[in-house]
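Below you'll find the structure, written out as structure tokens, and then a few comments.
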Amino acid sequence: MIHITLPDGSIKSYEQNITSYEVALSISEGLARNVLAAIVNDEVWDLHRPIQSNATLRLLTWDDEQGKDVFWHTSAHLMASAIEMLYPGIKFGIGPSIEVGFYYDIDFMDYTISSDDFKKIEDKMAELVANKEKINRIEVTKEEALKYFKKKNDEYKIELIEGLEEGTITFYKSGEFVDLCRGPHLPDMSPIKAIKLLSLAGAYWRGDEKRKQLTRIYAVTFPKKKLLDEYLLLLEEAKKRDHRKLGKELELFTFSQTVGVGLPIWLPKGAALRERLENFLKKVQKEYGYQQVICPHIGNVELYKISGHYQKYGQDSFRPISTPQEGEEFFLKPMNCPHHCEIYSCKPRSYKDLPLRLAEFGTVYRYEQSGELHGLTRVRGFTQDDAHIFCTPDQLEDEFCKVIDIILYIFKTLDFKDYTVQISLRDPDNKEKYIGSDENWKKAEKAIIDAVQKRNLNAVIEIGEAAFYGPKLDFMVRDAIGRKWQLGTIQVDYNLPERFDLEYIGSDNQKHRPIMIHRAPFGSMERFIAVLIEHTGGNFPLWLAFEQVAILPISDKYIEYAQQIAQQLENQGIRVTIDDRSEKTGKKIRDAEMQKIPYMIIVGEKEMENNTVAVRKHGMQDMGSMQLDAFAQIINNEIKNQLS
RNA sequence: GCCGUUGUAGCUCAGUGGUAGAGCACUUCCUUGGUAAGGAAGGGGUCACGAGUUCAACUCUCGUCAAUGGCUCCA
């Protein structure tokens with residue numbers, strides 16, 4: 001007999017070689033129906049793998065991330081199996097599960113494939129599911145494994161196997177399809193009830209742009225048809241919220257091929273939105289002791305040689321511009337920090353001046369590969385809500401914490417309730433990618449970790465994700481429909497102060513080196529607004545809306561009354577537009593709704609007589625009539641609540 | 001930058017080897033209407049750009065540019 005410890009702490013006795021599936025069955029039939037895999041002693045196992053000695057066991061279902069993982073990983077095999085039957089002789093790269101769904105990288109050899117073929121593949125997959133093919137785990141030696149794939153002439157799998165250690169290698173076989181795989185997998189394909197191939201893309205073998213490009217097929221599967229329908233609905237919703245689409249419809253920004261690719265142009269409504277966000281942040285920063293500065297858009301090459309950016313990025317930047325007479329070279333400003341270092345060093349600094357917090361909405365220009373450009377989220381010219389804090393070592397942690405507070409306050413105000421935090425550290429095995437001494441890196445990394453602990457943030461640590469000059473703390477938010485976006489960033493930097501030879505006189509009358517914090521709560525205005533558009537679906541909070549109230553006179557006779565009302569609201573700082581077209585009320589309402597104007601007020605005979613307004617809120621029905629003052633108070637209260 | 005897809009009116013899209021269409025938007029006129037589209041008329045396109053094939057190209061071929069889905073990259 002062996003003892004199995006379950007997650008609730010209970011211990012049950014079973015015959016040796018019992019499987020997780022049998023344990024599930026012994027608990028309840030329903031559980032056995034839903035269980036997908038199991039965690040045996042912290043390792044994910046197949047359900048039918050015998051357990052030989054005492055163990056802890058956690059059964060995985062669709063509700064567990066790891067359960068989904070197994071489900072999708074098995075689905076990847078299912079897809080590969082179907083594709084191999086349809087296109088014999090093709091070769092397979094890798095086929096992992098991803099956050100939602102899975103993909104498989106395939107070398108289609110001489111076949112051409114397009115999304116028109118998806119139906120055919122889906123049908124074949126469904127056919128294999130209907131066969132209830134068992135999936136078997138087979139243990140082989142490395143030699144056997146190599147022999148199998150050499151016979152198949154699959155150089156990708158051969159390369160993968162060659163990279164593995166000597167010893168047992170596992171294959172998984174379902175029907176005729178055999179794949180190199182660590183597993184685990186579902187016992188058979190039958191739980192896969194809904195299948196959808198999503199897209200087709202090129203992907204370099206092993207992510208290396210010098211190697212062959214394979215065809216990647218993205219797909220998703222579910223244990224219930226309903227879940228697939230929900231997911232497809234979510235994708236549709238995401239399309240509706242796409243900031244590129246809404247940006248056009250709401251006239252926020254545009255792109256012009258003549259101006260240049262990746263260079264957004266802000267239209268009046270978008271510019272107003274951006275300005276409001278900037279003013280909001282400026283006000284917060286002022287309270288936190290920041291001072292605004294302004295720097296030019298270009299900087300002498302020398303500046304970037306000092307900062308180290310020239311050596312690191314000079315070749316990948318826009319080419320320098322030069323003066324006609326002297327031939328001096330200038331770069332378009334790719335970041336603000338070197339300029340801010342020059343501001344620091346424009347006069348001697350005392351410890352009494354620190355912390356010095358310099359903020360700038362600095363527009364920067366970076367050469368991004370053409371294939372990378374995407375709406376407002378990846379552009380060649382953008383404005384950072386940048387600031388650099390110069391402080392003493394003693395002040396570092398406190399300053400860092402204050403920056404965290406600003407970022408969290410912004411998230412709260414803009415209704416990003418769900419966020420995660422990532423600490424990005426240096427890859428210690430790849431030190432040549434970074435500049436600066438080991439000692440400084442250690443200090444900087446410790447400062448971040450300490451601040452995160454002090455603010456009780458639940459952060460994940462990523463090795464090798466640091467900037468080349470220092471470690472950083474990144475904030476990711478989840479938007480209203482569950483997608484993750486990277487926004488704010490805070491970075492500790494010991495290197496630039498050294499490179500620019502920044503100093504302050506301490507209380508000991510000695511020279512000391514300040515530490516620098518780079519930080520941008522929004523990241524960039526462009527990117528942040530893109531995320532805000534998708535988060536809100538274009539329904540901006542009242543305080544940010546371009547027009548807060550649309551006044552809709554029922555007919556021309558009431559335009560004058562509408563103008564009186566507009567004047568009174570404008571006197572209170574409320575942004576108003578009057579729709580004085582000779583259209584019917586239904587049409588005016590429809591247009592105001594589509595423009596996502598937060599409030600409409602409809603005025604006609606009744607309102608004019610009683611000196612009232614009929615209010616309608618965006619996305620809602622008629623809210624009835626009220627005095628203008630009462631309405632203005634609703635607006636003002638709503639704004640006050642949003643900004644509190 | 002690489003691979004795939006796409007490019008027709010301001011927007012969303014149909015269409016054909018014989019020099020182009022719809023809806024919305026726009027202009028004008030009629031209508032003065034009470035909670036998501038009132039009616040009529042009109043203007044608007046070198047069918048992304050450049051070459052080639054053809055009697056003839058918006059349509060077929062090649063190239064360029066751009067958009068787009070990914071990959072690589074991201075101070």
Side-chain angles (χ1 to χ4, degrees), chain A residues 103 105 108 112-116 198-218 242 244-245 248-249 251 254-258 260-262 304 307-314 316-317 331 333-338 364-375 377-380 384 386 434-435 465-470 472 486 489 491 493 495-496 518 520 527 552-559 581-595 600-607 614-625:
Chain A
Y103 66 78
D105 285 349
F108 274 95
T112 48
I113 183 163
S114 77
S115 51
D116 297 337
L198 296 171
S199 66
L200 203 64
Y204 300 110
W205 171 234
R206 309 211 108 176
D208 183 343
E209 61 184 318
K210 291 184 190 67
R211 304 195 65 175
K212 184 160 180 176
Q213 197 157 40
L214 307 179
T215 304
R216 174 171 298 181
I217 300 181
Y218 285 91
D242 190 317
R244 294 167 300 182
K245 180 172 173 284
K248 196 180 270 178
E249 286 173 5
E251 296 182 14
T254 188
F255 288 91
S256 149
Q257 212 173 308
T258 313
V261 296
Y304 304 109
S307 72
H309 291 98
Y310 179 83
Q311 296 82 327
K312 185 86 183 167
Y313 294 103
D316 302 321
S317 297
F331 270 112
K333 179 169 71 168
M335 81 291 303
N336 305 300
C337 30
V364 297
Y365 301 89
R366 297 177 182 177
Y367 173 75
E368 303 285 358
Q369 298 185 76
S370 58
E372 292 316 315
L373 303 171
H374 179 94
T377 59
R378 194 77 187 268
V379 287
R380 285 178 173 169
Q384 295 178 312
D386 212 356
Y434 310 91
I435 57 176
E465 293 290 311
F468 76 93
Y469 52 75
K472 56 181 181 171
Q486 201 208 303
T489 180
Q491 310 174 357
D493 185 357
N495 291 304
L496 277 188
H518 309 240
R527 191 183 165 74
L552 315 179
I554 299 250
S555 82
D556 292 358
K557 287 180 244 162
Y558 315 107
I559 290 180
R581 295 175 302 170
S582 111
E583 290 288 352
K584 289 181 140 184
T585 313
K587 170 74 168 163
K588 293 183 181 182
I589 290 173
R590 177 181 158 81
D591 287 348
E593 287 283 356
M594 293 206 303
Q595 281 300 305
M600 286 154 272
I601 55 187
I602 291 126
V603 291
E605 192 63 39
K606 277 185 283 177
E607 288 73 22
V615 179
R616 183 184 167 116
K617 196 169 178 172
H618 171 67
M620 318 258 248
Q621 298 297 314
D622 193 351
M623 289 170 71
S625 291

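Naming convention: chains lettered A, B, ... in sequence-line order (proteins, then strands); numbering from 1 in each chain. Worth saying up front: this structure is predicted, and the values here are computed from it rather than measured.
- Remark: A/D208 does not engage A/R206 in a salt bridge, criterion side-chain N to carboxylate O under 4.0 Å.
- Using a 4.0 Å heavy-atom distance criterion, A/G586 is classed as a sugar-phosphate-only contact.
- Between the side chain of A/R244 and the base of B/rA67, no donor-acceptor pair under 3.5 Å is found.
- Between B/rC71 and A/R206, no contact under 4.0 Å exists linking OP1 or OP2 to a side-chain N or O.
- Using a 4.0 Å heavy-atom distance criterion, A/Q311 is classed as making no nucleic acid contact.
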Pairing of RNA chain B as dot-bracket, 5' to 3': ( ) intra-strand, [ ] crossing, | other strand, . unpaired, with Watson-Crick or G-U pairs under 3.5 Å?
(((((((..((((....[..)))).(((((.......))))).....(((((..]....))))))))))))....
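- Going from atom OH of A/Y365 over to atom C1' of B/rA75 covers 17 Å, rounded to whole Å.
- Closest-nucleotide positions on RNA chain B for A/L373 and A/R590 were compared, and the one nearer the 5' end corresponds to A/R590.
- Comparing B/rG34, B/rG38, B/rG1 by their closest approach to the side chain of A/K584 singles out B/rG38.
- Side-chain N/O atoms of A/Y218 include one lying less than 4.0 angstrom from OP1 or OP2 on B/rC71.
- If you check every strand for non-hydrogen atoms under 4.0 Å, A/G207 touches sugar and phosphate atoms only.
- Of the candidate nucleotides B/rA36, B/rC71, B/rG69, B/rA36 has the atom nearest to the side chain of A/R616.
- Residue-nucleotide stacking is not present for A/F468 and B/rA75, judged by a side-chain ring centre under 5.5 Å from the six-membered base ring centre and planes under 30° apart.
- B/rC58 and B/rC24 are spaced 24 Å apart, taking the C1' atom of each and rounding to whole Å.
- At the heavy-atom level, A/K557 lies under 4.0 Å from the strands shown only through sugar-phosphate atoms.
- Rounded to a whole angstrom, the distance from the P atom of B/rG50 to that of B/rC55 is 23 Å.
- With C1' as the reference atom, B/rC47 and B/rG18 are 16 Å apart, rounded to whole Å.
- Side-chain N/O atoms of A/Y313 include one lying less than 4.0 angstrom from OP1 or OP2 on B/rA75.
- Between the side chain of A/Y558 and the base of B/rG34, no donor-acceptor pair of N or O atoms lies under 3.5 Å.
- Here, B/rG23 and B/rG15 have their C1' atoms 15 Å apart, quoted to the whole Å.
- For A/Y204, there are no ring pair (Phe, Tyr, Trp, His ring centres under 6.0 Å) partners, not counting sequence neighbours.
- Closest to the A/A203 side chain, of the nucleotides B/rA36, B/rG34, B/rC71, is B/rC71.
- Between A/K212 atom NZ and B/rG70 atom P the separation is 23 Å, expressed in whole Å.
- Side-chain atoms of A/E465 stay outside donor-acceptor range of the base of B/rC74, with no qualifying N/O pair under 3.5 Å.
- A/E249 comes within contact range of no nucleotide atom at all, as no heavy-atom separation falls under 4.0 Å.
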Assess whether side-chain contact (heavy atoms from CB on, under 4.5 Å) is satisfied between A/I435 and A/Q311, documenting all intermediate values.
CA-CA 11 Å; A/I435 57 176; A/Q311 296 82 327; over 6 Å; no
Hey, mind stepping through A/H309 and A/F331 against ring pair (Phe, Tyr, Trp, His ring centres under 6.0 Å) and telling me if it holds?
CA-CA 11 Å; A/H309 291 98; A/F331 270 112; over 10 Å; no
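- Between the side chain of A/K588 and the backbone N or O of A/R581, at least one donor-acceptor pair lies under 3.5 Å.
- Annotation: B/rG43 and B/rA22 have their P atoms spaced 12 Å apart (nearest Å).
- The side chain of A/E593 approaches B/rA36 more closely than any other nucleotide in the set B/rA36, B/rC73, B/rG33.
- B/rA48 and B/rU59 are spaced 15 Å apart, taking the C1' atom of each and rounding to whole Å.
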Can you tabulate the close N/O pairs, meaning under 3.5 Å, that link protein atoms to atoms of nucleotides 42-44 of chain B?
none

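- Separating the C1' atom of B/rC29 from that of B/rC13 is a span of 29 Å, rounded to the nearest Å.
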Return a table of donor-acceptor pairs under 3.5 angstrom between the side chains of residues 365-373 of chain A and protein atoms on other chains or two or more places apart.
{"unit_1": "A/Y365", "atom_1": "OH", "unit_2": "A/H297", "atom_2": "ND1", "d": "3.4"}
{"unit_1": "A/R366", "atom_1": "NE", "unit_2": "A/P334", "atom_2": "O", "d": "2.8"}
{"unit_1": "A/R366", "atom_1": "NH2", "unit_2": "A/P334", "atom_2": "O", "d": "3.0"}
{"unit_1": "A/E368", "atom_1": "OE1", "unit_2": "A/R378", "atom_2": "NE", "d": "3.2"}
{"unit_1": "A/E368", "atom_1": "OE1", "unit_2": "A/R378", "atom_2": "NH2", "d": "2.6"}
{"unit_1": "A/E372", "atom_1": "OE1", "unit_2": "A/R378", "atom_2": "NH1", "d": "3.4"}

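- Heavy atoms of A/H374 sit under 4.0 angstrom from primed sugar atoms or phosphate atoms, though from no base atom.
- The A/Y469 side chain lies nearest to B/rA75 when the options are B/rA75, B/rG34, B/rG1.
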Every protein N/O lying under 3.5 Å from an N/O of nucleotides 22-26 of chain B:
{"unit_1": "B/rA25", "atom_1": "OP1", "unit_2": "A/K587", "atom_2": "NZ", "d": "2.7"}

For the pair A/I602 and A/I589, evaluate side-chain contact (heavy atoms from CB on, under 4.5 Å) and give the outcome as yes or no after the intermediate values.
CA-CA 9 Å; A/I602 291 126; A/I589 290 173; 4.0 Å; yes
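- Each of B/rG69, B/rG38, B/rG1 was ranked by its minimum atom distance to the side chain of A/S199; first place goes to B/rG69.
- Going from atom CD1 of A/I589 over to atom P of B/rG33 covers 15 Å, rounded to whole Å.
- A search for ring pair (Phe, Tyr, Trp, His ring centres under 6.0 Å) contacts involving A/Y558 returns nothing, not counting sequence neighbours.
- Using a 4.0 Å heavy-atom distance criterion, A/A614 is classed as a base contact.
- For A/S582, whose side chain is taken as the heavy atoms from C-beta onward, the closest listed nucleotide among B/rG33, B/rC73, B/rA75 is B/rG33.
- Considering only side-chain atoms of A/Q257, the nucleotide from B/rC65, B/rG1, B/rC71 that sits closest is B/rC65.
- Closest approach of A/Y304 and A/K333 over heavy atoms only: OH-CA, 3.5 Å.
- A donor N or O paired with an acceptor N or O is not found under 3.5 Å between the base of B/rC2 and the side-chain atoms of A/E209.
- In the set B/rC71, B/rU35, B/rG33, the nucleotide with an atom closest to the side chain of A/D556 is B/rG33.
- Among the protein residues, A/K248 comes within range of the sugar-phosphate backbone only, with heavy atoms under 4.0 Å from sugar or phosphate atoms but none that close to a base.
- Below the 3.5 angstrom threshold, one finds a donor paired with an acceptor across the side chain of A/R378 and the base of B/rC73.
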Before you tell me yes or no, could you show the steps for A/R216 and A/D105 under salt bridge (Lys or Arg N to Asp or Glu O under 4.0 Å), namely the whole-Å CA-CA distance, both residues' side-chain angles and the distance that decides it to 0.1 Å?
CA-CA 4 Å; A/R216 174 171 298 181; A/D105 285 349; 2.7 Å; yes
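- Distance from the side chain of A/S370 is smallest to B/rG1 among B/rG1, B/rA36, B/rG34.
- Spacing between B/rG7 and B/rA14 at atom P, rounded to whole Å, works out to 8 Å.
- Residues A/R616 and A/E593 form a side-chain contact, since some pair of their non-hydrogen atoms from C-beta on lies under 4.5 Å apart.
- Below the 3.5 angstrom threshold, one finds no donor paired with an acceptor across the side chain of A/E372 and the base of B/rG70.
- The CD1-C1' distance, from A/I554 to B/rU32, rounds to 11 Å in whole Å.
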